[in-house]
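Letters A, B, ... are given to chains in the order of the sequence lines, protein chains preceding strands, and every chain is numbered from 1. A quick note: this is a predicted structure, and the numbers were derived from the prediction, not measured.
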Protein chains: 2
Amino acid sequence: MTQGVVSKGRSRCASGVATACDDSGMEPSPSRVNVGGRPAQTSAHQLAEIAQELFLAHGFERTSVADITAAAGVSRRTFFRYFASKADVLWVETPAEQERLRALLAEAPPGESCAEVLYRVVPEALRHPADQRRWALHRAELVLTVPAVQAQAVRRYADWRAVVATFAAERLGVPIGDLVPVAVGHAVLAATVASHEYWVAHPDEDLEPILERLLRLLLPRPLKPQ
Amino acid sequence: MTQGVVSKGRSRCASGVATACDDSGMEPSPSRVNVGGRPAQTSAHQLAEIAQELFLAHGFERTSVADITAAAGVSRRTFFRYFASKADVLWVETPAEQERLRALLAEAPPGESCAEVLYRVVPEALRHPADQRRWALHRAELVLTVPAVQAQAVRRYADWRAVVATFAAERLGVPIGDLVPVAVGHAVLAATVASHEYWVAHPDEDLEPILERLLRLLLPRPLKPQ
DNA sequence: GGAGGTTATGACACAGGGTGTCGTAAGTAA
DNA sequence: TTACTTACGACACCCTGTGTCATAACCTCC
């Protein structure tokens, strides 16, 4: 399996993109509601931003967690209270993306076929603002090349596939355990990964058209609604 | 942990599977031709076997490299001269499998369609003797669940895909960079991964039929020869 | 203004993976 | 024997990730 599902990037919260911006998804960071108790000196997003800058400047593997925490002015131990691993920094907003995919799938018109919905919605869910393109590309490259990142990616892939498979099972009216929706999930993932590979190799082109083309190539054809 | 020496059961080379069985592919082990110089005290296969026993007995993550080398009677440093990482132990014979796939694809009759060849050959390339089933299953489980193993797996996946894509490009008469053979490679890989997932979840069933079914589901349909 | 509870943090210690270096053991060929 | 070659062990590191404990800094209630 391989790489890339996602894209997205840097700071939503700090850079003006108005989204939810909660730290959901990072297991080690316990939601930080903060009623009473010492206030946090930093946040997952702030750490992630600093880390991303360093990764871009010096590379993922040549940037140690100590480098990140020194730049952020916190202790190394604190980093691991926000992120389970160094690579987790790259996935701060994956939960939001996944939620977006789930929402887009949920609101698809009932008349649209399963495949058509996916051709349209998957690229849309992975769309990112222009100012995040650079980072999205770099992250895709990391996901495709750095082993430590790939290991994390596999878990996100599984979640991604599960969202798609659940949707496919519902729309096709078959049980979730059935092989067909499972295959649909894998096909969508494969298209996503392949398109990111192509994108990294051809950074001047846009991701979305490639992704849609690959989805049309890879999505199992005999997917009749019902 | 660290019990003594682990009787060698089940070898691969020793157990009658006629494959190449050379240590090719392990970058750190420089082919060991051994003309002159101190003779090696161990081999990649011996280390791999001992490691596999320990993994089966105590789990991958609860088995440290020190445990393995203690059982093998060599130093920890020596282990890393044979394998680039602990997880690499699991892939000793992947090059042979890959070569088998390549060979099977090469000798497919010219009349058979690209898809039909793959439906037939991919399961055959992954077939393993009955006495290796337990270990193959365990390895599949590790590949699907342990992050450190997944990271390694991604690289093998890429090789696997490349073999398939190269074959598809040739048989379809399109350039290797074309998106169609790339998609075929991804589809075959997705089917392989999905079938292993299913196999791990249903260990009593056989891998091959599941794999073939998934290949038929996932392989891009409009694959006309030429 | 405490007192007590709550939360985030830092300091420290430690296991484990992985790497570089150096000296040396144990072979082969001359 | 000498010279060359290769494999190995012993250290010394750096890095990731985790557990533990003391303490800082906030809250609310008295």
Side-chain angles (χ1 to χ4, degrees), chain A residues 23 26-47 50-51 54-55 58-90 142 146-152 155, chain B residues 1-2 23 26-47 51 54-55 58-91 142 146-152 155:
Chain A
D23 301 38
M26 298 294 98
E27 319 96 11
S29 98
S31 73
R32 315 258 156 172
V33 273
N34 215 4
V35 330
R38 177 176 176 169
Q41 274 192 357
T42 182
S43 71
H45 276 87
Q46 188 186 335
L47 283 177
I50 293 176
L54 292 174
F55 293 162
H58 310 114
F60 180 86
E61 290 181 303
R62 280 200 306 270
T63 303
S64 72
V65 174
D67 293 332
I68 300 168
T69 57
V74 297
S75 78
R76 213 175 62 92
R77 191 65 184 86
T78 290
F79 178 93
F80 287 108
R81 290 197 180 98
Y82 283 91
F83 298 100
S85 76
K86 182 172 119 179
D88 270 317
V89 159
L90 303 176
L142 293 181
V146 180
V149 180
Q150 291 168 331
Q152 303 296 324
R155 308 200 98 185
Chain B
M1 199 146 294
T2 319
D23 300 40
M26 300 292 98
E27 318 97 10
S29 99
S31 70
R32 317 257 157 174
V33 272
N34 217 3
V35 328
R38 176 176 176 170
Q41 276 192 358
T42 181
S43 70
H45 275 86
Q46 188 186 336
L47 283 176
L54 292 174
F55 293 162
H58 310 112
F60 179 86
E61 292 180 301
R62 279 199 305 269
T63 304
S64 73
V65 173
D67 293 331
I68 300 168
T69 57
V74 298
S75 77
R76 211 174 67 94
R77 190 66 184 88
T78 290
F79 178 91
F80 288 107
R81 289 198 180 97
Y82 283 91
F83 297 101
S85 74
K86 182 172 120 180
D88 270 316
V89 159
L90 303 176
W91 311 93
L142 292 181
V146 180
V149 180
Q150 291 169 330
Q152 305 295 324
R155 308 201 98 185

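Distance A:Phe80 CZ to C:dC12 P: 18 Å, rounded to the nearest Å. Between the CZ atom of A:Arg62 and the C1' atom of D:dT16 there is a distance of 18 Å, given to the nearest Å. Atom CZ of B:Phe60 is separated from atom C1' of C:dG16 by 12 Å (rounded to the nearest Å). The interatomic distance linking B:Leu47 (CG) with D:dA7 (P) rounds to 13 Å, in whole Å.
Judged by atom type and distance alone, B:Arg81 reaches the base of D:dG9 through a side-chain donor-acceptor pair under 3.5 Å. One cannot find a donor-acceptor pair under 3.5 Å joining the base of D:dG17 and the side-chain atoms of A:Arg77.
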Pull out every protein N or O sitting under 3.5 Å from an N or O of nucleotides 3-5 of chain D, one pair per line with the distance.
| unit_1 | atom_1 | unit_2 | atom_2 | d |
| --- | --- | --- | --- | --- |
| D:dT5 | O2 | B:Gly37 | N | 3.4 |

So which protein N/O to nucleotides 13-15 of chain D N/O distances come out below 3.5 Å?
none

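Every side chain to side chain donor-acceptor pair (under 3.5 Å) that A:Gln152 has, sequence neighbours left out, goes to A:Ser85. For B:Arg76, the side chain to side chain contact (heavy atoms under 4.5 Å, CB included) partners are B:Val65, B:Ala66, B:Thr69, B:Phe80, not counting sequence neighbours. With sequence neighbours excluded, no residue forms a side chain to side chain donor-acceptor pair (under 3.5 Å) with A:Thr63.
Note that the CG atom of B:Leu47 and the CZ atom of B:Arg81 stand 12.5 Å from one another [nearest 0.5 Å]. Interatomic distance, CD of B:Gln41 versus OG1 of B:Thr78, reported as 7.5 Å (0.5 Å rounding). One finds the CG atom of B:Asp88 at 8.0 Å from the CZ atom of B:Phe79 (value rounded to the nearest 0.5 Å).
Looking only at side-chain heavy atoms (C-beta outward), A:Thr42 and A:Ile50 stay at 4.5 Å or farther from each other. Counting only heavy atoms from C-beta outward, the side chains of A:Phe55 and A:Ile68 approach each other to under 4.5 Å.
Residues B:Pro147 and A:Ala151 approach most closely at O-CB, 3.3 Å, considering heavy atoms.
The shortest distance between the side-chain N/O atoms of A:Thr78 and the OP1/OP2 oxygens of C:dG10 is below 4.0 Å. In this structure, B:Tyr82 reaches the D:dC8 phosphate: one of its side-chain N or O atoms is under 4.0 Å from OP1 or OP2. When the side-chain nitrogen and oxygen atoms of A:Gln41 are compared with OP1 and OP2 of C:dG10, one or more of them lie within a distance under 4.0 Å.
Projected onto DNA chain D by closest heavy-atom contact, B:Ser75 and A:Glu61 fall at different nucleotides, the more 5' of which corresponds to B:Ser75.
Comparing atom distances between the B:Val74 side chain and each of D:dG9, C:dA26, C:dG10 picks out D:dG9 as nearest.
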